[in-house]
Amino acid sequence: MSYTFQEIEKKWQANWKAQGTYRVKEDSNKKKYYILDMFPYPSGAGLHVGHPLGYIASDIYARYKKHQGFNVLHPMGYDSFGLPAEQYAIQTGQHPAITTEKNIARYREQLDKIGFCYDWEREVRTSSPEYYHWTQWIFTTIYNAWFNLETQKTEHIDTLIQHFETNGNYNVQPACDEKWHQALLELKDNNNQPLYFFSADWDGDFTATDWQSMNEDQRYHLLMAFRLTYLADSMVNWCPALGTVLANDEIKDGVSERGGHPVVQKKMRQWSMRISAFAERLLLGLEQIDWPENIKEIQRNWIGKSEGATAFFDLDQHAGQIEIFTTRPDTIFGVSYLTLAPEHPLVSSITTAEQRDAVEQYVQQAALKNERDRQVQSKEMTGVFTGAYAIHPLTNKQVPIYIGDYVLAGYGTGAVMAVPAGDQRDWDFAKHHNIPMVLIFENHDASESACTSKEVPLVNSDFLNGLCGKTAFNSAVEALEKIEHGNKKINYRLRDAVFSRQRYWGEPFPVYFKDGKAHMIDQQELPVTLPDVDKYLPTDDGEPPLARSQWKYKNEFVMEYNTMPGWAGSSWYFLRYMDPNNSKTIASPEAMNYWGQVDLYMGGAEHATGHLLYSRFWTMILHDLGHVPFGEPFQKMINQGMILGRSSLVYRIKDTNTFVSADLRKEYQTQRLYADISMVDNDQLDTDAFKNWLPEYKDAEFILNEKGQYLCGFEVEKMSKSKFNVQTPDELIEKFGADTLRCYEMFLGPVEQSKPWDTKGINGVHNFLRRLNRLFQTDEGQWMVTQEAADKKSLQTLHRTIKKVTDDLNRHSWNTVVSTLMIAVNEWTEQKCHQQEVLESLVILLSPYAPHLAEELWNKLGHNDSVTIAQWPEAIASYLEDDVFSYPVSFNGKTRFNIDLDANMDAKSVEVAVMSHEKTAHYLEGKAPKKVIVVPKRIINIVC
RNA sequence: GCCCUGGUGGUGGAAUCGGUAGACACGCAGGACUUAAAAUCCUGUGACCAUUGCGGUCGUGCGGGUUCAAGUCCCGCCCGGGGUACCA
C-alpha cells in the first residue's frame, strides 16, 4: 500500500489512547529517566511550527529511553495563570478561567496531532485550585523559614526564635537586609511612639532578655526582617500602563518585557522573596549541573558577585562616616574625591549652605529621570559638589564629596571612592569637573585615560609602593582593618525578588491581616481560592482587582489582595508531575525519591534569569527543609533555538497595481509588500491565488521573468500574523502527516540552533518515509517482507545504522539520525532488502521519530504488542567493519588516490604495499620519500 | 565596553579523537516513463582551468603560526546572533 499517513496516524493515536500506552507508574525494578519540556502558557494564537521543536526532540529522546528499558517520566501541562487572559477579561468581561480552558483545549488538540508520548493523566495546570493549593503551601513554608549564613542552609523559623530566646542574636547569622535594624527603628506603635526601646545608634545586637521583653508586635516585625519571604516597604518597579509592579527580570532595556511600557521606581508595601541570601549557593550550584555555558554565564552575571572591600571615610566637621564599596582597595591612595548617589541619605545633611541650591536642583533632576533615561545618558559625567569634605582614612587628608547620578543608590553602599587614575568613569568625572588627580601608577601620567590594569606597580602610595595585584589588595585591606575603617567584603548584584502583583489572574496569597500584621492561613485550610469580581480592574482608590470582592477571612479579617507573580507556579511544577493528584502533600516522598531530579530539561534560553533561577531557589529551600530529596532541579538542560518565519515579499511598482518579479525589481521603483506564504511555493507566487487573496489585489497585473514565473523575495523574521509568515503544524500534518513533520523538524539542523522555517525540504523527508514504506510493501499493496536470512551487505547496513543512530541519540544529535536512516533506506532499496530480520530492527530505530508509521509496520510484521516497548537493537561488532579498507593515499597532505588493503594489515605492511603501488612512483616523480605516515584504518601520508 | 556564541557550496546542514571537506536533503540542469500532469526512476551539480580519456589549481570569514596532516589546535583581526552594564 502506498503511504496512507492520514489513516495510519488517526488509527494509532486512537489506539494509544484506548490502550493507555503512555501511562507511566513508579516501578522500583526499572531505572527511571525524567525528561521534561518547559510547559507552555496557553495563548489564544495556538501553536506554530516553532513551538513543538523542543517537544519533538524530547519526545524522541523519551521514546528512545523507553526502548532502552528505562521507566520514562515525560509529562506536559500548562502555565495557565497570566496576563493575556486577564487583559482579554478586562476587554470582554469573560472570566479568565473560561478563556484559559478554551485555549488549553486548542493546545491539546494540536499537541495530540503530533503524536507525543505524554502521560496526560499527570497533566498539571498552575491555575487549578488543586495545584495552587500547593503553591500556597510552599509560600507559607517559605514564610516560616530563615537562612543561616554560617551553614548556608535554610531552617525553620522556630530554630531562630529558639536562638533568640536563649542567646538573643549573638552567634547567629540569619540572612537579612544590611540595614534591617535601622528600618525597625523607624517603626511607630499605635501611639505614634517608636516601636522599639533601642537607642538611635543601635547596631542591631539584642540579648535574650531583650527578646523576652518584646511584645507581639515587636517580635513580629523583628522576625519579618529574617523570613525568606517578607512584607516590606521597598522600592519597586512600578509599571503604570500594566498597573502592577514587575520583578527585575521582567524588565528589558528599562521598559516592561511584556508590552514595552515605561517603568518607574516607587515605594510600595510588597511581599518579597529573599533570593539574595542564596547568591553564593546559586553560584556554586552551577558547577554541578550540565547546562549550556551561556545560560550559566547569564546566571553568574545576574548574581554579579564582586570581591572587594568596604572602607569608611569619616566626615570633616560632621559626625558620622561614609561607607563606600570598592573592588580596588589597592588604589586607595589615589582617591581624589568621593561620589554619593543623589538619593544617598547623607546628602541633605552634609551639603553646605553655598552648595545647597545647586545640590537640591541636581537631586530633583535625577529623581525625574527614569531608569531608561539614566542609561541612555551621554558619556558626560554630571554631578555637583556638596561643599562637604571627608577625611581619607590612611592619609588623613581632606577629600571633597560630590554627588553624581553615575553612582547608583541600589548597588553597594550608594557611595564610591573616586580614583581618577585607576577608573575610567572617575577619570571622566574628574576631567569634567577639573578635580586634581593623584597619580598612583608607575609610568602613567593619566593625561589620556585611566590605567585599569591590576598589574601595574603602585607609586605615591605609602606602604603600597612597588606592590600590585593581590598583594597590594590585601595590604590595603589589612591597613584599613587595623584602624577599623574597612574590611574585605563580597558584594552581589542579585536583589530580592518582589513577589506581589496587582492582578486578578494569579495565585491568591494565603494571607490575612489582623491588627496590621500579616498572618498565614493555616496549611490545613488551603487552598484559598480566587474570589469572583465584577470587573478585572483595580478599584477606584487604586487597590488591586481582588479588593473588589470585599473578600474577608472568617468574614472578619482583610485578605491580601495582591496575587502571586507568574513565576510562582512554574517554580515547582516539575515536582508535581511526580505525583499530580496527591491531596496530602506537594508530592509523596516515595515518588520524589524514585523520579528524582529532571534528567533532561528542554526549553528556551529566555528564562535564564527568571524561571530557571527561581526554580533553583525554591528547590534549595524545600530541599534544606527536608521536603525534596535533591537541591538542584534540572541536572541537564538543552536550549532549543527559535524557529523564525520566512516571509514572502512581492514588489509593486510605485503608484500602480503592477507587481514585478523579484529578479527584475531593480529596474523599477517598487514598494515591498507581504504575500501570505501559503500562496508561495519555492519562492514562486501563485498569481491567481494572490489576486483572490485580498480585494485590493483583484486586478493586479504581473511582470514575469523570462521563465514566466513570478518570484518572491524573502525576509527572515519572527513569525507573526501581520507578516503572513505563520506556519501552523496543523496544515503540514494535513498535507504530509505528523511523522513527516517530526522528522523534518529534526532534519532542519541542530535543535540548539535558531533557524528560519522553510518548507522547501519537507518533500525530501516525506519521500524518505515513502521509500522506507516501500521496503515493506509496494504501492499497490503487495507485502514484500520475507523470512529468508539476510545477506551480509544488508546486515552490515543494519548494524552500522544501529551503531550510528544510537551514538547520535546519546550525544543529542537529533538531526543526523534522520540522515543516517535515509542512507540506510537508500542502501536497502538498492540491495532489494526485504528480510524481516533486518526490517524489524529498522522499525524500532524509526519508532522514536515516526511512531505512527513504525507502529503500523510493527503490527503488520506480526506483533500484537506496541513497538514503543520493543527492545532497542544492539549493534554486532563483527558487522561494523569491512575486511578491506580503502586507504586514501596523500602526498604532502594532498590526497591523490585510494588503495584497497586488508583492514587488519599492520602499519609496516601497509607501507610496503603502498610503496610498491604503481601510482606511488608516478606521484613521487622520482624523488625519494622522506617519511611515510600510516595511521591504520585512516590514512597514508607520504612526505617527499 | 565586557561576557557567551557562531561564521563551511545556490540553500538547510554533515565531518564525534587533528586524518579523503561538502554526508544527507533541498534547489537547479539533463534524461527515462507518460497523450499530459503528478508520482517514480536514472545522470550531473563547490569554484576555476583542461576535457577525447587522464587530470590540475584553489577552497571551511580574514592574516599569521604549530603539524607529516588544520573546518578542527594556538596568536591577532573582521562580521553576525544572544546576554549585560555608568556595578564602583
Side-chain angles (χ1 to χ4, degrees), chain A residues 2 252-253 292-302 304-306 308 324-328 331 339 341 374-382 404-408 410-419 422-426 428-429 452 491-493 605-606 608-609 639 641-642 682-683 744 747-750 752-765 767-768 770-771 774 779 804 807-808 810-811 813 815-823 826 829 886-898 929-935 937-944:
Chain A
S2 63
K252 294 270 136 79
D253 303 325
E293 194 46 45
N294 63 323
I295 300 278
K296 288 192 185 187
E297 203 56 33
I298 291 169
Q299 290 206 346
R300 281 189 201 112
N301 289 339
W302 190 257
K305 180 178 186 172
S306 63
I324 60 95
F325 174 74
T326 178
T327 54
R328 297 291 304 276
T331 64
T339 313
R374 260 191 176 186
Q375 283 173 22
V376 172
Q377 275 284 306
S378 64
K379 288 272 169 281
E380 192 155 289
M381 292 289 161
T382 66
D405 67 2
Y406 78 97
V407 177
L408 304 176
Y411 182 79
T413 60
V416 300
M417 63 175 211
V419 182
D423 182 283
Q424 194 53 47
R425 281 160 316 177
D426 296 343
D428 291 342
F429 191 89
T452 52
N491 209 20
Y492 298 93
R493 203 186 74 107
E606 66 273 19
T609 53
N639 297 123
M642 202 172 26
N682 196 17
D683 285 343
Y744 184 58
F747 187 66
L748 271 180
E752 299 93 330
Q753 230 166 71
S754 285
K755 55 223 151 195
W757 177 260
D758 194 334
T759 318
K760 260 193 213 159
I762 199 165
N763 255 314
V765 175
N767 285 343
F768 150 67
R770 299 168 67 125
R771 276 163 74 90
R774 246 179 265 130
D779 285 351
K804 179 92 164 78
D807 287 353
D808 284 358
N810 286 342
R811 65 186 175 104
S813 175
N815 55 327
T816 51
V817 171
V818 182
S819 316
T820 304
L821 290 174
M822 284 175 171
I823 294 168
N826 290 347
T829 302
S886 180
Y887 276 93
V889 182
S890 52
F891 292 79
N892 296 326
K894 279 181 192 163
T895 311
R896 295 300 181 179
F897 61 92
N898 279 50
K930 291 190 188 122
K931 204 170 176 186
V932 178
I933 287 141
V934 175
V935 185
K937 287 181 210 169
R938 275 205 195 279
I939 199 166
I940 299 161
N941 190 18
I942 298 169
V943 189
C944 54

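Within every chain, numbering begins at 1; the chains are lettered A, B, ... in the order of the sequence lines, protein sequences first and strands thereafter. We use all heavy atoms of the structure for the numbers below, so side chains are in, but hydrogens, waters and symmetry mates are not.
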Self-check item: Syn/anti label of B/rC17 as read from its glycosidic torsion, with the cut at 90° from 0
Solution: syn

Quiz item: Where does B/rG9 fall, syn or anti, if syn means a chi angle no more than 90° from 0?
Solution: syn

Take atom [atom1] of [X] and atom [atom2] of [N], then tell me their distance rounded to the nearest Å.
X        : N      : atom1 : atom2 : value
A/Gln424 : B/rC87 : CD    : P     : 12 Å
A/Lys305 : B/rA88 : NZ    : P     : 14 Å
A/Arg328 : B/rA88 : CZ    : P     : 11 Å
A/Asn294 : B/rU84 : CG    : P     : 12 Å
A/Phe768 : B/rU40 : CZ    : C1'   : 18 Å
A/Trp302 : B/rC3  : CH2   : C1'   : 15 Å
A/Lys296 : B/rG82 : NZ    : C1'   : 18 Å
A/Asn301 : B/rU5  : CG    : P     : 12 Å

If the [atom1] atom of [N] is compared with that of [M], how far apart are they to the nearest Å?
N      : M      : atom1 : answer
B/rG76 : B/rG22 : C1'   : 29 Å
B/rG31 : B/rC79 : C1'   : 43 Å
B/rU8  : B/rG13 : C1'   : 9 Å
B/rA38 : B/rA21 : P     : 39 Å
B/rC75 : B/rU84 : P     : 28 Å
B/rG12 : B/rU51 : C1'   : 33 Å
B/rG80 : B/rU43 : C1'   : 38 Å
B/rA39 : B/rG53 : P     : 34 Å

Exercise. Quick one, give me the B/S/- string for nucleotides 8-27 of chain B, reading 5' to 3', where B means a protein heavy atom under 4.0 Å from the base and S means that only happens at the primed atoms, P, OP1 or OP2.
Key: ----BSSSB--BB--BBSSS

Exercise. Treat primed atoms plus P, OP1 and OP2 as sugar-phosphate and everything else as base, then score nucleotides 47-61 of chain B 5' to 3': B for base contact with protein heavy atoms under 4.0 Å, S for sugar-phosphate contact only, - for none.
Key: ---------SSS---

Practice problem: For A/Phe747, check ring pair (Phe, Tyr, Trp, His ring centres under 6.0 Å) against everything at least two apart and list the hits. | Solution: none

Self-check item: Heavy-atom pair with the smallest gap, counting every atom of A/Val407 and A/Ala415
Solution: CG1-N, 4.0 Å

Quiz item: What heavy-atom pair brings A/Tyr411 and A/Ser306 nearest, and what distance separates the two atoms?
Solution: OH-OG, 3.0 Å

Practice problem: Check whether any side-chain nitrogen or oxygen of A/Tyr406 sits under 4.0 Å from OP1 or OP2 of B/rA88, and answer yes or no. | Solution: no

Quiz item: Is A/Met417 close to A/Thr326 at the side-chain level, that is, under 4.5 Å between some pair of heavy atoms?
Solution: yes

Exercise. Fit a plane to each ring of A/Phe429 and A/Tyr406, take the angle between them on a 0 to 90° scale, and name the class: parallel (under 30°), tilted (30 to 60°) or perpendicular (over 60°).
Key: tilted

Quiz item: Does A/Ser306 or A/Ile295 map to a spot on RNA chain B nearer the 5' end, using the closest nucleotide for each?
Solution: A/Ile295

Got a donor-acceptor contact below 3.5 angstrom from the [X] side chain to the [Y] backbone?
X        : Y        : result
A/Tyr887 : A/Lys937 : yes
A/Ser2   : A/Asp779 : no
A/Asn815 : A/Leu748 : no
A/Lys755 : A/Pro750 : yes

Exercise. Would you write the dot-bracket representation of RNA chain B, where each base gets (, ), [, ], | or . depending on whether it forms a Watson-Crick or G-U pair under 3.5 Å and with which partner?
Key: (((((((..(((......[....)))((((((.......))))))((((.....))))..(((((..]....))))))))))))....

Quiz item: Does a donor on one side chain and an acceptor on the other come within less than 3.5 Å for A/Thr816 and A/Ser819?
Solution: no

Self-check item: side-chain contact (heavy atoms from CB on, under 4.5 Å) involving A/Arg771 - partner list, sequence neighbours excluded
Solution: A/Arg774, A/Val825, A/Asn826, A/Thr829

Quiz prompt | By side-chain contact (heavy atoms from CB on, under 4.5 Å) - contacts of A/Ile762 (at least two apart) | solution = A/Leu732, A/Phe736, A/Thr740, A/Tyr744, A/Thr759

Practice problem: Please determine if A/Asp808 and A/Lys804 form a salt bridge, counting it only when a charged side-chain N lies under 4.0 Å from a carboxylate O. | Solution: yes

